[in-house]
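Keep in mind it's a predicted model, so treat the numbers as computed, not measured. What's counted below: heavy atoms across the whole structure, side chains too, no hydrogens, waters or symmetry copies.
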Amino acid sequence: MIGRKRAREAAGGLPLADLVRRTAAEVASGRRGAVAVGAIRGEESATHGADPRAVFEIGSISKTFTSLMLAKMVVRGELALDRPVRELLPPGTAVPQRDGRDIELGHLACHISGLPRLPKGLMPRGMFAADPYAGCTEEVVLGGLAATRLRSVPGDRFHYSNLGAGVLGIALARHAGVGYEDLVHAEICRPLGMADTRVVLDEEQTARLAPGHSRFGRSRSRWRLAALAGAGGLASTVTDMLRLARATFGDAPEELVRAFALTRDTVHPLRGPALAHPGWISLPGGPDREGPRTLFHNGGTGGYRSIMAVVPERRTAVVILSADARSVDRPGLTLLADLGTPEPA
């Protein structure tokens with residue numbers, strides 16, 4: 001442990017560009033797909049690997065966007081975390097209950113709704129398809145809720161759920177009266193200048209898409225998450241994702257700053273020291289567990305893996321986007337630890 005701590009202290013003294021370059025080389029080793037690594041330390045930022053404008057699927061990091069939109073609507077007074085989701089869905093939608101408890105918006109954002117991981121009927125047929133979620137239209141997703149049995153009483157236990165995050169995206173879009181992608185653009189991307197974070201890519205963005213690969217190096221096409229876009233349908237660039245990461249430091253319009261604060265302050269305990277937040281998982285800061293917590297979310301689709309991890313109090317952040325289906329979690333969290341604490345300006 002002491003040797004590892006000293007190595008991290010030494011790494012913290014290296015130029016940011018060198019740390020990012022070293023991580024990019026580590027992640028790219030043995031992968032066929034492109035890799036983009038970005039990091040922030042204080043006011044400094046650096047990227048390495050693929051062109052910073054290369055587009056990647058970010059998978060479940062989309063959940064961070066979905067929960068942030070909910071938080072913005074809460075701080076504006078439009079919604080409340082304890083509002084039942086059935087009130088935002090089409091009349092007649094049968095939303096399951098357990099022990100008389102409704103599923104609330106905050107339950108969906110923190111994965112404590114009791115909903116299963118996937119829509120009913122998707123396994124095993126769909127998950128072995130090249131584009132497994134393409135048939136998950138709003139009609140299919142909401143229609144399937146009637147036959148869905150909750151795994152626990154809403155609010156009681158953490159069960160990671162793509163279905164729950166997708167339903168939250170549907171509910172928020174219906175509340176706003178626009179499509180999910182338009183809502184993300186209006187609430188997050190436009191205020192932060194994130195022009196390349198989209199569900200549907202235009203022709204020019206498609207030309208910049210890094211082709212995806214399986215963990216064995218085979219080509220993989222894009223996934224279409226249809227009505228479950230709120231669970232994992234976004235694509236982005238390392239440049240855009242670093243803008244979102246910096247916004248967690250407070251470098252954002254006031255409404256977004258308040259929304260980020262709400263997501264950090266809303267917690268549900270997991271096993272051990274980890275906590276669930278709307279759109280995030282957090283880990284304690286260092287072996288003594290007394291430092292500021294790391295907030296992160298990872299993502300994965302058929303041909304892509306990603307991670308975004310931030311320590312807002314230290315103004316440090318890491319983003320790794322990979323067009324290869326092997327995990328990038330360990331190098332991402334290691335790089336974040338190696339960034340240390342920036343020198344005072």
Side-chain angles (χ1 to χ4, degrees), residues 16-17 20-21 23-25 27-28 31-41 44-66 68-69 180-213 220-225 229-230 232-249 251-252 256 279 296-310 316-325 328-329 331-332 335-336:
L16 180 63
V20 172
R21 186 181 302 109
T23 300
V27 176
R31 294 176 188 251
R32 291 196 62 186
V35 170
V37 178
I40 301 171
R41 183 165 61 189
E44 185 183 8
S45 63
T47 64
H48 196 77
D51 188 307
R53 297 179 69 244
V55 177
F56 297 76
E57 291 184 0
I58 63 171
S60 286
I61 299 179
S62 304
K63 295 178 175 70
T64 301
F65 289 78
T66 304
L68 184 58
M69 292 192 300
Y180 175 81
E181 181 174 38
D182 290 338
L183 188 60
V184 172
H185 181 70
E187 296 286 0
I188 301 174
C189 297
R190 186 167 59 204
L192 296 180
M194 300 170 63
D196 286 322
T197 302
R198 308 293 298 183
V199 174
V200 179
L201 303 179
D202 62 25
E203 184 176 350
E204 191 271 337
Q205 289 165 333
T206 299
R208 290 189 273 121
L209 177 69
H213 297 80
R220 288 289 183 263
S221 58
R222 283 205 68 193
W223 275 9
R224 297 167 294 166
L225 271 77
L234 289 170
S236 189
T237 66
V238 70
T239 299
D240 270 12
M241 295 303 293
L242 288 177
R243 288 191 174 103
L244 180 66
R246 194 174 285 283
T248 70
F249 305 163
D251 302 346
L256 272 170
F296 79 96
H297 211 299
N298 58 10
T301 58
Y304 300 85
R305 288 295 184 273
S306 58
I307 187 170
M308 178 172 68
V310 301
T316 57
V318 166
V319 173
I320 301 181
L321 306 179
S322 171
D324 177 288
V328 294
D329 292 358
L335 174 57
L336 187 70

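A distance of 9.0 Å separates CD1 of Ile40 from CG of Leu16, quoted to the nearest 0.5 Å. Residue Ile58 holds its CD1 atom at 14.0 Å from OG of Ser322, rounded to the nearest 0.5 Å.
Applying the salt bridge (Lys or Arg N to Asp or Glu O under 4.0 Å) criterion to Arg222, with sequence neighbours excluded, gives Glu57. Scanning for salt bridge (Lys or Arg N to Asp or Glu O under 4.0 Å) contacts around Glu203 gives an empty result, with sequence neighbours left out. Not counting sequence neighbours, the partners of Thr66 by the side-chain hydrogen bond (donor to acceptor under 3.5 Å, both in side chains) test are Tyr180. Applying the salt bridge (Lys or Arg N to Asp or Glu O under 4.0 Å) test to Arg53 and every residue at least two apart in sequence or in another chain returns Glu204. Evaluation of the side-chain hydrogen bond (donor to acceptor under 3.5 Å, both in side chains) rule for Asp182 yields no partner, not counting sequence neighbours. In terms of the side-chain contact (heavy atoms from CB on, under 4.5 Å) criterion, residue partners of Gln205 (sequence neighbours excluded) are, by chain and number, Asp196, Arg198, Leu201, Asp202, Arg208. Under the rule for a side-chain hydrogen bond (donor to acceptor under 3.5 Å, both in side chains), the partners of Asp329 that lie at least two apart in sequence or sit in another chain are Asn298. Not counting sequence neighbours, the partners of Ser60 by the side-chain contact (heavy atoms from CB on, under 4.5 Å) test are Lys63, Tyr160, Asn162, His297. Not a single side-chain hydrogen bond (donor to acceptor under 3.5 Å, both in side chains) links Thr239 to another residue, sequence neighbours left out. For Ala28, the side-chain contact (heavy atoms from CB on, under 4.5 Å) partners are Val35, not counting sequence neighbours. In this structure Arg220 satisfies the salt bridge (Lys or Arg N to Asp or Glu O under 4.0 Å) test with no other residue, sequence neighbours excluded. Ala323 pairs by the side-chain contact (heavy atoms from CB on, under 4.5 Å) definition with Phe56, Ala210, Tyr304, not counting sequence neighbours.
Side chain of Asp324 to main chain of Gly33: no donor-acceptor pair is present (N/O by atom type, distance under 3.5 Å, no hydrogens or angles). With Ser45 contributing its side chain and Ala39 its backbone, the two residues share no donor-acceptor pair below 3.5 Å. The backbone N or O of Gly300 lies less than 3.5 Å from no partner atom in the side chain of Arg305, so there is not a single donor-acceptor pair. Listed for the His213 side chain is a donor-acceptor partner under 3.5 Å among the backbone atoms of Pro211. With Glu181 contributing its side chain and Val199 its backbone, the two residues share a donor-acceptor pair below 3.5 Å.
For the pair Thr237 and Leu321, the tightest heavy-atom approach, listed with the atom from each and the gap, is C-CD1, 3.6 Å. Contact detail for Ala46 and Ala17: the closest heavy-atom pair is CB-CA, 4.0 Å. What you find for Val37 and Val20 is that their closest heavy atoms are O-CG1, 3.5 Å. Closest heavy-atom contact between Val55 and Ala235: CG1-CB, 3.8 Å. The two residues Ala317 and Ala245 make their nearest non-hydrogen contact at CB-CB, 3.7 Å. The two residues Thr47 and Pro52 make their nearest non-hydrogen contact at OG1-CG, 3.6 Å.
Looking only at side-chain heavy atoms (C-beta outward), Met241 and Ile61 come within less than 4.5 Å of each other. Counting heavy atoms from C-beta outward, Val310 and Thr316 have side chains that stay 4.5 Å or more apart.
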